[in-house]
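Structure first, then comments.
Order of appearance sets the numbers: ligands from 1, and atoms from 1 within every ligand.
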Amino acid sequence: MGLSEIQARIAKAEAEAGREADSVKLIAVSKVQPAERVEAVLREGHRLFGENYVQEAQGKWPAWREEFPGCEVHMIGPLQSNKAKLAVELFEAIHTLDRPSLGKKLANLAQARGASPDLFIQVNTGCEPQKAGVLPDDLDAFVADMRGKDLPVVGLMCIPPESEDPAPHFAMLAEMAGRNGLDGLSMGMSSDFEKAIAAGATHVRVGSAIFGARDYS
Ligand SMILES: *Cc1c(COP(=O)(O)O)cnc(C)c1O
């Protein structure tokens, strides 16, 4: 599909939802993609990317940041506490704050560094046992807890259950962000980003629709 087609579809979805042009940020999810595909998108001028694995990002991004100034890379995959230190050095934002112990670790790192990436709290809107994220019933207390640690919580993130209509999950995330005074909504992937934009997404995370299918072999 490619970058420009996705940008056009985002613009159309913004207009159809009565939202301002460029109110939605496109995170190009470059995990596992061959370097030449990512470099093509960098050469087209795109500068906002998402990665799932700390070590993979560490291997790829320092050189690209030098070659293509202005890059911003967001962590969108599960974050192990023992990788948190590296993560706060590598990423401008982390979308997967999902448990108190990680919040504590990030707060300690923020104190030591005098800076923190922007943080999104991942919510397990479908209450799926195998999926990461704070349960909806626990969210308000968790937001308050993280704010009490002076962490820069800017929004919420979700990955709806694969087998369900994502729209009710996006609506639930938007409602939870609103009642907690959070502006950021990281929701929507290749298959559903237009629905997410209709529900108020501020950040969509699109991988395969830009770069092509991922090859994990
Ligand atoms: C891989 C991934 C994406 C991108 O998925 P596509 O279906 O390729 O657009 C978005 N969000 C998260 C959390 C991911 O892990």
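Contact annotation for Ile76 and ligand 1: heavy atoms of both the backbone and the side chain come within less than 4.0 Å of the ligand.
Looking only at side-chain heavy atoms (C-beta outward), Leu102 and Gln80 stay at 4.5 Å or farther from each other.
Although no hydrogens or angles enter the test, the distance criterion places no donor-acceptor pair under 3.5 Å between the side chain of Asp98 and the main chain of Gln122.
Of the charged side-chain nitrogens involved, none lies within less than 4.0 Å of a carboxylate oxygen, so that Glu56 and Lys31 do not count as a salt-bridged pair. In this structure, Lys195 does not pair ionically with Glu164, as no charged nitrogen and carboxylate oxygen lie closer than 4.0 Å.
Counting atoms of ligand 1 from 1 in the listed order, those under 4.0 Å from a heavy atom of Ile159 are 13 (C). Close contacts between ligand 1 and Val206 involve ligand atoms 9 (O) [criterion: under 4.0 Å to a heavy atom]. Heavy-atom contacts of Asn52 reach the following atoms of ligand 1: 14 (C), 15 (O) (cutoff under 4.0 Å). Residue contact check: Ser208 has heavy atoms under 4.0 Å from atoms 6 (P), 7 (O), 8 (O), 9 (O) of ligand 1. Shown in contact with Gly207 at under 4.0 Å from a heavy atom are these atoms of ligand 1, numbered in order with element: 4 (C), 6 (P), 8 (O), 9 (O).
Evaluated by nearest non-hydrogen atom to atom 2 (C) of ligand 1, the leading choice among Lys31, His74, Arg205 is Lys31.
In this structure, the protein non-hydrogen atom closest to atom 5 (O) of ligand 1 is Met189 CE, 3.5 Å. For atom 6 (P) of ligand 1, the nearest protein heavy atom (residue, atom name, distance) is Ser190 OG, 3.4 Å.
The two residues Ser81 and Ser101 make their nearest non-hydrogen contact at OG-OG, 4.5 Å.
When Val29, Ile27, Val41 are each tested for a side-chain contact (heavy atoms from CB on, under 4.5 Å) with Phe49, only one passes: Val41.
Distances shorter than 4.0 angstrom do not occur between any heavy atom of His95 and any atom of ligand 1.
Classification of the His95-Phe120 ring pair by plane angle, with boundaries at 30° and 60°, yields parallel.
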